[in-house]
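To keep things clear, I will list the structure first and then write my remarks on it.
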Amino acid sequence: MAFGKGHHLHLIDGSAYIFRAYHALPPLTRQSDGLPIGAVAGFCNILWNEISSEKRASGATHIAVIFDHSATTFRNAIYPEYKANRPPLPEDLRPQFPLTREATRAFNVSCIEIEGYEADDIIATLATQAAEAGGSCTIISSDKDLMQLVRPGIDMFDPMKSRTIGPDEVFEKFGVSPDRVVDVQALAGDSTDNVPGAPGIGLKTAALLIQEYGDLSTLLERAGEIKQPKRRETLVNNAELIRISEKLVRLDDKVPLDIPLETMEITAPEPEKLLKFLTDMEFRTLTRRVAERLKVEVPAIEAAPAKAAAAAPAAVEQDRLPFDPSTYVAIRDRATLDQWLARIAEIGHVAIDTETTSLDEMQAELVGISLAIDPGQAAYIPLGHKQGGGDLFGSASLVEGQLNLSETLAALKPILEDPAILKIGQNMKYDYKILARHGIRMAPIDDTMLMSYAMQAGLNQHGMDLLSEKYLGHQPIPIKSLLGTGKSQITFDQVGVDDAVKYGAEDADITLRLWQLFKPQLHQNRVTTVYETLERPLVPVLADMEMAGIAVNRDTLSRMSNAFAQKLAQLEDEIAETAGEKFNVGSPKQLGEVLFDRMEIPGGTKGKTGAYGTGADVLEDITTMKDSHPQGAQLASLVLDWRSIAKLKSTYTDALQQAINPETARVHTSYSIAGASTGRLSSTDPNLQNIPVRTEEGRRIREAFVAPPGKLLVSLDYSQIELRILAHIANIPSLQQAFQQGIDIHAMTASEMFNVPLDQMTSDVRRKAKAINFGVIYGISGFGLARNLRIPRAEAQGFIDRYFERFPGIKEYMAQTVKFAQEHGYVQTLFGRKIHTPEINAKGPGAGFAKRAAINAPIQGTAADVIRRAMIRMPEAIKDLPARMLLQVHDELLFEVEEAAAPALIEVARKVMEGANAPIVSLKVPLTVEAGQGRNWAEAH
DNA sequence: GCTCTCACG
DNA sequence: GACGTACGTGAGAGCA
């Protein structure tokens, strides 16, 4: 039956409603996994009230929900800045949009969106059609932009305030009748939509003007008659802007729609489909209401542990279940194992922890696996516990009563790889790698360490013992109590099974409890997106990089070590001769005494511990005293040489040989994801992020990092990423422009500061500007810059003053960032990562440190976020190339690739890196990536 | 285990 | 006006 007289259409402004529900309702998460669903819940309630006749007071016969399709519409063609100042979508709201569309379909309600048009335009079109067909229409929205549609046959209903909006309410809001609302809006503009309007004219004035002149076109025609000179001038000068604004605010009621109104007639939902959706969302009350109304049985929603939903504050739980090791189960037979696996499959998640013989995942042997499914319900599967051995003759044998390792892993594999079963761990990268070496790639995963990191970076570390004490009030069994310390330390395979059950199961139990606590807090802390897009997906990526390792040429290192040893011995002789006595050059204490006590060189300063400082800067100063202290100058110079070589030998050429894995013949570092407060990774065992590069001699160590035959190393690094981010965040147009035009940024800074044309730039002036640019990133101080540039402090301060004069935005950024930190206790990156600054309001020197750290953190952190995003996307992007990602060095990614594919790799990887900020963050500066390739890292870099 | 020094971005 | 200062890391050696 065609839509017409007697029919009543309800149009729900879906997008607007979700926003309102999101902001008006307390945050609500799905009990089982913490998925944010508050807005979906609010949306479903209103939808049900609309279609169920229990509340059909409004008498709707037809209904449709309208959504915005995409951010850009025809209005952007008229005015590119339209809605350009919209804040980014809250992270816990984003996933609710698709759910809301799903909900609409589950309720059997029309769900309409058209590309290029806003929901408002579609609503205007449908409402007009309904009114013209002789029926009526109510728009369920309180959006003032829709008020222009109110007329006979069309009204609005504000669902949050439960009130109808008719011509009177519109007049109340705009001071004019609905048909003149557009005129008022065009004059007054709208800051939320970034509609310009006439400058200085607000709603009140606009309404007055329209009341006086009747409508906008008359007003603009007769603008010259306005008595107030300022107003008159504004209207005359901005006539064009006002006309554009009018086009922006006027809704298009002629959207090409091919959806007859009669298809929107309310029909009963299919009970099965609707209830499935509602139970999936775990809406208990609504599920019951709907089921009762539809006269079907109320489906059960599995009762999740109450604590998970309690949204306890970040503190010790009050009524927690005590830890009781006697309840932990040892899984020693197949039947028990199968029972546990069945329960895990039923519940859909499991906390897991592996026990091994080493902290080095590449050499560790699996000893046992712990599982936990609920607080207090945890088990340990002993697999590789041994007895005997240790002496020359007896080889260790497996303890009896253990399941077979490979059979157990085969039984676990389907669960651990099941996409519907969540695997929860503390520092999952470790367990992921252990199991990956046995052919199991766990997915999906959650990591309590990374959850803590997303919420608490800067406040505390994120190790399990600390988290357990802080959040669960429980001190876990110290590993030392099982393994001992020092020389007599044993490995976990030698621990008794009974002890291992208590220890291992407890770890899984703790992890599970932390997860239950953290899951809802992620979204309360507004870091769900950070966790989901920057932390969690990085785990398998880093695991693969670490397992890949990098080929290191032992012979090269060994030859260098030998050469260094000779050179060191030679220098030691010369040093003894110059000093007139033999002493340990490696002892700063002895060196200080020789220089400042015996040779009486001035300028020796003792630090907190009473020892003389003998750092490189101090020694370098002494080398300049050739006239007054020729011997001292020579000694300092020799020691500097000795130090640099000793460093290269001990830390690099010697240590790296040790780090070569005997099985893979490669070096496997381990990245710490949650170590640095800013979001940077760090690299340990060995640290491959500080391989020398700045000096020629040091750089040769990189020649030992090689590509296997037939392959090449490819290095891609972001150029000046932190300065670019600073230019964006602090919004410095001249710096942004320089980056857009590819101008040498340090030279450009120097030119601005010292009034030197670019083509007359000297290297010294440029060097100073470069130091200042870096200083700014670090939270510049006159003292620090003076020391770095070795110039008087007053001169350094003068540079800084001039810099701030030329780039006032930087000073403003610094002040604003510090202020934000003082008020909130944290700062944020562009991607929403929080870095806490607990010392910012401290008294004393601590506050100075904290201020500079607060200034630096958003810049360093944003850069860290960018490369994290690139790394996460990289495996998919290069999956068809014979290449793999090996290392990350903060702004550099190092790949190994078959020779012929190097150009293709560079093209693909560069694209990923240069676009890594999009689409979450758009930058006013381009990110550019420089690439190199070669047989070794020195050539590639 | 702490301090000093120095390698990197 | 004085105070102490560039931001973020990890590792080796000396020393208590």
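Keep in mind that this is a model prediction, so the values were computed, not measured. To find a chain, count down the sequence lines: A is the first, B the second, and so on, and within it residues start at 1.
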Testing B/dG9, C/dA6, B/dC6 for proximity to the side chain of A/Arg787, the answer is C/dA6
Of C/dA11, B/dT5, B/dG9, the nucleotide closest to the side chain of A/Thr684 is C/dA11
- Message: Quiz question: going by heavy-atom distance under 3.5 Å, is there a donor-acceptor pair between the base of C/dT9 and the side chain of A/Ser682?
- Response: no
Mind checking [X] for me? I need base, sugar-phosphate or nothing, with any heavy atom below 4.0 Å counting as a touch.
| X | result |
| --- | --- |
| A/Arg694 | base |
| A/Ile780 | base |
| A/Phe774 | nothing |
| A/Asn788 | base |
| A/Thr614 | sugar-phosphate |
| A/Gly775 | base |
| A/Asn690 | base |
| A/Gly615 | sugar-phosphate |
| A/Ala771 | base |

A/Gln689 atom CD is separated from C/dG8 atom P, nearest whole Å, by 16 Å
Whole-Å distance, A/Gln860 CD to B/dC8 C1', equals 12 Å
The side chain to side chain contact (heavy atoms under 4.5 Å, CB included) partner of A/Phe807 among A/Ile772, A/Leu726, A/Thr749 is A/Thr749
Rounded to the nearest 0.5 angstrom, the CZ-CG distance for A/Arg869 and A/Leu538 is 12.0 Å
Check whether any side-chain nitrogen or oxygen of A/Thr669 sits under 4.0 Å from OP1 or OP2 of C/dG10, and answer yes or no.
no
Check: Is the NZ or CZ atom of A/Arg802 both under 6.0 Å from the centre of the six-membered ring of A/Phe804 and within 45° of that ring's axis?
Finding: no
Is it possible for you to check whether A/Lys649 lies under 6.0 Å from the centre of the six-membered ring of A/Phe564, through NZ or CZ, and within 45° of that ring's axis?
no
